[in-house]
Structure formats: C-alpha cells, structure tokens
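Sequence lines set the chain letters: A, B, ... in the order given, protein chains first and strands last, and positions in each chain run from 1.
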Number of protein chains: 2
Amino acid sequence: MALQEIPLAHPQCGSCPIRHRAVCARCEADELMSLDAIKYYRSFEAGQTLIWSGDRMEFVASVVTGVATLSQVMEDGRTQTVGLLFPSDFVGRPGRDTAPYNVVATTDLLMCCFRKKPFEDLMAKTPHIAQRLLEMTLDELDAAREWLLLLGRKTAREKIASLLAIVARRDASLKMLPAAGKLVIDLPLTREAMADYLGLTLETVSRQMSALKRDGVIELEGKRHVTIPNFDRLIEEAGDDTDGGIPG
Amino acid sequence: MALQEIPLAHPQCGSCPIRHRAVCARCEADELMSLDAIKYYRSFEAGQTLIWSGDRMEFVASVVTGVATLSQVMEDGRTQTVGLLFPSDFVGRPGRDTAPYNVVATTDLLMCCFRKKPFEDLMAKTPHIAQRLLEMTLDELDAAREWLLLLGRKTAREKIASLLAIVARRDASLKMLPAAGKLVIDLPLTREAMADYLGLTLETVSRQMSALKRDGVIELEGKRHVTIPNFDRLIEEAGDDTDGGIPG
DNA sequence: CGACTTCTTGAGGGGATTCAATGTTCGTGG
DNA sequence: CCACGAACATTGAATCCCCTCAAGAAGTCG
C-alpha cells in the first residue's frame with residue numbers, strides 16, 4: 001500500500017481527473033482555492049467499509065478513483081444496495097450528521113474529502129457549489145427512479161443486462177468514448193455485490209451471466225472481465241426504451 | 001366541478017396550507033411576493049394525467065391538495081410508480097425541458113404552478129428557493145432509496161404494510177398529529193395503483209390486504225377506508241428497523 | 001500445493017404471477 | 001325504487017420464476 005503517496009496524487013485541483021464533473025465543477029479559480037484549502041485525500045482498500053449506517057458523518061467527499069456502494073441492511077440481514085458511486089460522485093449530505101447508509105469500497109478507492117462543517121460554511125458563501133450539488137442530486141434522483149423500475153418490474157435477465165449497460169456507460173463516459181458498438185469492461189462488483197444491487201441472489205446473478213454468455217450477448221474472461229460485442233443488443237436485453245441518461 | 005372558484009382558493013401565499021413545507025418554505029415576505037406574482041392554480045380530477053413522459057415541461061408546480069403519482073412505463077406496458085406526491089411536494093426540474101415520467105392525479109388535485117422560465121429566473125436571484133429545493137430533493141432521494149430496499153428485498157406483506165405506514169405518516173404529518181397508536185386513513189390509491197407502486201400485481205395487493213385484515217393489523221371499511229388499531233404493530237409488519245424519516 | 005474465497009451449476013421448493021370467475025360498489029336510467 | 005352495467009376488488013387454481021440448499025469448480029494467496 002502506498003498510502004503515504006496517494007494524498008499527494010492531485011495536490012492541485014486543476015490536475016484532478018474529476019475536476020469538471022464533481023461537486024466543484026462550476027467553481028471559479030478563487031472558489032477552487034478555498035476548496036483546495038480544506039480538502040484532504042483518503043484511500044481505502046477494496047472491501048473496506050468507509051462509513052457505517054448510523055455513524056456520525058465527519059466529512060463529505062467525492063469519489064476520485066474506484067467504485068463504492070451505498071447499502072441498506074435490514075435487521076435480519078437482507079441487504080439492498082441503493083447507490084453505486086463512480087468517480088466524481090458525491091457522498092454525504094450537508095446539514096445532516098448521521099449516515100443513513102453503509103458506504104463500502106468495492107474496488108480500491110480514492111476519496112477527496114472535506115470536513116463537514118467547513119464545507120457547509122463554504123457552500124453557504126459559494127452558490128456555484130450548491131448549484132452543482134442540486135444538479136447532481138437531481139441526477140441521482142433520476143438514477144434512483146430508473147432503478148425503481150428495474151427492481152419493481154424487470155426480470156433477472158433484464159436486471160443483469162441493465163447493470164452491465166450502466167457500468168459500460170459510466171466507463172465509456174470516464175474514458176470520453178461513445179457507448180456504442182463493442183465495449184470491454186471490468187466489473188467493479190462481485191457477484192454478491194451485483195445481487196445486492198439488483199435485488200437478486202448471487203446464484204441467480206451467476207446463472208443469468210452464464211445465460212447471457214451462452215446467448216452471445218456478452219463474453220467472459222475470468223469472472224470480472226466482460227466483453228460486450230454489441231452494445232445495442234445489450235440495451236435490447238435490458239428492456240429499456242429510453243437510452244438511459246448519463247450526463248456529460 | 002367548481003373549476004372557476006379553485007384558482008382563487010389561496011389568493012395570497014400567507015394563507016396557503018403548504019406555505020411552510022413547500023419549495024417556498026424559506027422565502028421572506030418580498031420573495032413570496034415575487035412568487036405570488038408568477039403563480040397560478042390548476043386543478044385536476046382523479047385519474048387525469050397531468051403530464052405525459054416525453055412531453056415538453058411548460059411549468060413546475062407544488063401539490064397543494066390531493067395526491068399524484070410519477071410513473072414509468074415500459075414498451076410492453078409494465079408500469080412502475082416511482083414517486084408519490086403529497087401536498088407540498090414539488091414536480092418538475094428547473095433546467096430540463098422534457099418530462100421523464102407520467103404524472104397522474106390519483107385523487108382530485110390542486111396544483112400551484114409556475115411557468116418554468118420565470119421560475120428559473122426567480123430561482124437564480126433567490127437562494128432561499130434553491131436551498132429549499134436542494135433540501136427537498138435530498139429528502140426525495142432518501143425516500144427513493146428507502147423504496148429501493150422495499151422493491152428489492154421486502155415480501156408482498158411487508159410492502160403493503162410499508163405503504164400503509166407511509167400514507168399514515170404523511171397523513172398524520174399533514175394534520176399535525178403524531179403517527180402513533182390508532183390511526184385512520186383513506187387510501188388515495190386504487191389496488192392497481194398500489195400494485196404499480198409496490199412492484200406487485202393487483203391480485204397480490206388484494207390478497208395481502210385481506211391477510212393483514214384477517215390478522216388484525218388493519219381494519220377495512222369499504223376498499224379505501226383503513227383503520228390501523230396499532231401503528232407500532234404495522235411498523236413491525238413493514239420490517240423497518242429505522243423509523244422512516246418524514247421531515248417536519 | 002492446499003486452504004480460502006469466489007463463482008458455477010443442479011435439484012427442489014415457495015412466493016408471487018397468471019388466468020379466470022365471482023363479488024361489491026356506485027351511478028344511471030327505466 | 002330498484003334493475004342494470006361498469007369499474008373496482010376479492011378469491012381460487014395452476015404455473016412459473018427466482019430462491020434455498022447443496023455440491024463442486026475455478027481462481028487467489030500464503
């Protein structure tokens with residue numbers, strides 16, 4: 001682990017890979033300097049829980065690299081993932097002090113953190129941050145509502161196809177490539193994490209992955225490396241009429 | 001229909017029943033006057049579709065009285081309700097011009113509308129509106145995420161109990177009463193609308209309503225009038241560990 | 001190599017759906 | 001006033017998709 005080096009990975013916001021998509025996207029140079037002054041980096045290993053539901057929230061943060069999940073757990077252990085956090089996504093709610101969900105790193109993860117109080121103070125003085133946060137929250141709400149349709153009405157096969165499509169879209173967007181034709185992705189999730197996100201069991205996930213492979217919708221190399229020979233075909237399998245709205 | 005009278009129902013914002021909970025909640029007297037100048041009321045009958053997915057959004061609005069749903073429909077007709085709108089809830093997204101969902105009145109409905117452009121202009125000058133909208137959007141996101149758990153992991157019985165609990169909470173909150181002990185509600189939804197919200201079929205909804213009645217969790221008078229003799233018992237049936245966060 | 005975690009595959013069971021019929025409520029007109 | 005029909009709801013029987021339980025395979029790390 002190169003824990004010591006990582007905090008220096010992006011000493012200045014100007015060189016940050018999520019600069020133009022994160023909560024700071026609309027900030028001017030001077031506003032960026034204010035953020036820069038209170039930010040600090042933290043890194044986490046795959047599998048690590050960053051925040052436990054009910055914990056006091058000491059900070060808010062942006063995902064810089066890696067993927068994390070938000071999840072809710074019922075008393076009897078049933079688990080539902082309620083959010084997938086990709087680079088540039090924001091965690092934490094200004095004005096609230098206990099965490100409503102578990103936040104778990106599903107890959108190695110680098111976060112750009114702000115202590116809550118200084119961030120709130122800065123936000124009060126910086127409309128550009130609040131504006132961007134509203135925009136991002138509205139996007140997240142749309143994404144959550146798309147997921148409601150998935151959980152409520154889609155078949156297991158459609159659920160898997162939808163998840164693969166989302167990951168492929170975010171991945172393409174990150175690489176500034178169009179999400180079309182042949183795509184190759186590395187799943188940032190275990191079969192169990194996929195199941196928790198899709199409201200399925202890990203066995204069903206595995207079976208449907210095999211079925212999609214058998215039917216030529218995807219190709220598998222190992223468990224995580226997935227080739228999508230024809231993205232349109234995958235979208236068909238996902239049952240989506242709308243071509244899902246990834247911003248940017 | 002007394003359509004002519006309703007637009008005058010709340011000529012001034014000061015006497016508006018949702019004054020302190022809607023998007024205008026934080027506004028000062030002068031800000032309220034600006035809103036007042038551009039607002040207009042519209043009423044709709046139960047069953048009417050106010051907005052079709054894909055339509056141009058001409059306005060944003062607050063629910064004043066009644067209940068509406070946001071819903072998504074797949075090509076083959078599968079329908080999922082992705083939001084229940086109670087009095088004070090907000091519809092529409094500044095900065096977007098086509099509607100992503102159908103908005104349907106499930107009861108007679110009174111809306112306080114603002115044409116989109118004037119509202120956006122006003123919002124740019126009035127941080128109190130943007131602040132409140134952010135707050136409300138974050139609350140909606142939490143509600144949507146609670147619903148993800150429901151759709152992904154709860155049994156049909158738990159789903160019904162959860163819906164009854166939500167309606168009872170919103171109803172109690174509206175009447176400024178505590179949500180505890182014995183409660184009486186009128187369901188603003190048909191069995192089919194309940195099914196669409198819960199990711200079930202209407203037959204399953206009906207069966208589970210009967211089962212909850214048989215087990216003494218609820219009492220039914222007609223199809224819509226529900227008595228909850230013991231709210232805590234209902235919450236147990238809903239499988240919730242957290243005591244669901246209705247703001248205010 | 002062997003222990004562990006992760007994943008795949010199979011067999012059987014169960015909760016919700018589908019298909020179908022009956023019941024209830026309510027408004028309308030004879 | 002009550003019969004009639006339409007909309008909404010309840011109940012039953014059979015089916016199916018996904019889950020549960022279980023065993024074995026495949027990768028991973030000491």
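The distance between atom CG of A:Leu150 and atom C1' of D:dC18, rounded to the nearest whole Å, is 15 Å. Going from atom CG of A:Asp196 over to atom C1' of C:dT6 covers 14 Å, rounded to whole Å. Remark: P of D:dG27 and CG of A:Leu220 are 11 Å apart, rounded to the nearest angstrom. We find that CD of A:Glu192 is positioned 12 Å from P of D:dT20, with the value rounded to whole Å. Here the P atom of nucleotide D:dC8 and the CG atom of B:Leu187 are 15 Å apart, to the nearest Å. Between A:Met209 atom CE and D:dA26 atom C1' the separation is 15 Å, expressed in whole Å. A straight line from CZ of A:Arg157 to C1' of D:dC17 spans 14 Å, rounded to a whole angstrom. Between the C1' atom of D:dA9 and the CD atom of B:Glu221 lies a distance of 17 Å, rounded to the nearest Å.
Two residues are said to be in side-chain contact when any heavy atoms from C-beta on lie closer than 4.5 Å; A:Glu219 and A:His225 fail this criterion.
Contact annotation: B:Thr190 does not reach the phosphate of D:dA7 (side-chain N/O to OP1 or OP2, under 4.0 Å). For B:Thr201, a side-chain nitrogen or oxygen approaches OP1 or OP2 of C:dT17 to under 4.0 Å. Regarding contacts with the backbone of D:dT10, every side-chain N or O of B:Arg207 stays at 4.0 angstrom or more from both OP1 and OP2. An OP1 or OP2 oxygen of C:dT9 is reached within less than 4.0 angstrom by a side-chain nitrogen or oxygen of A:Ser210.
Between A:Thr155 and B:Val205, the residue anchored nearer the 5' end of DNA chain D, judged by the nucleotide with its closest heavy atom, is B:Val205. Nearer the 5' end of DNA chain C, as judged by each residue's closest nucleotide, is the contact made by A:Leu189, out of A:Leu189 and B:Leu200.
Across all strands shown, B:Gly47 has no heavy atoms under 4.0 Å from either base or sugar-phosphate atoms.
Residue B:Lys223 places its side chain closer to C:dT25 than to any other of D:dT11, C:dT25, C:dC7.
Between B:Tyr40 and B:Phe59, the angle of the ring planes goes over 60°, which puts this pair in the perpendicular group of the 30/60° scheme.
Only one option out of B:Leu198, B:Leu150, B:Val205 pairs with B:Leu163 in a side-chain contact (heavy atoms from CB on, under 4.5 Å); it is B:Leu198.
No donor-acceptor pair closer than 3.5 Å links the side chain of A:Arg233 to the backbone N or O of A:Val217. A side-chain donor-acceptor contact under 3.5 Å links A:Gln80 to the backbone of A:Tyr197.
A donor-acceptor contact under 3.5 Å links the side chain of B:Glu203 to the base of C:dC19.
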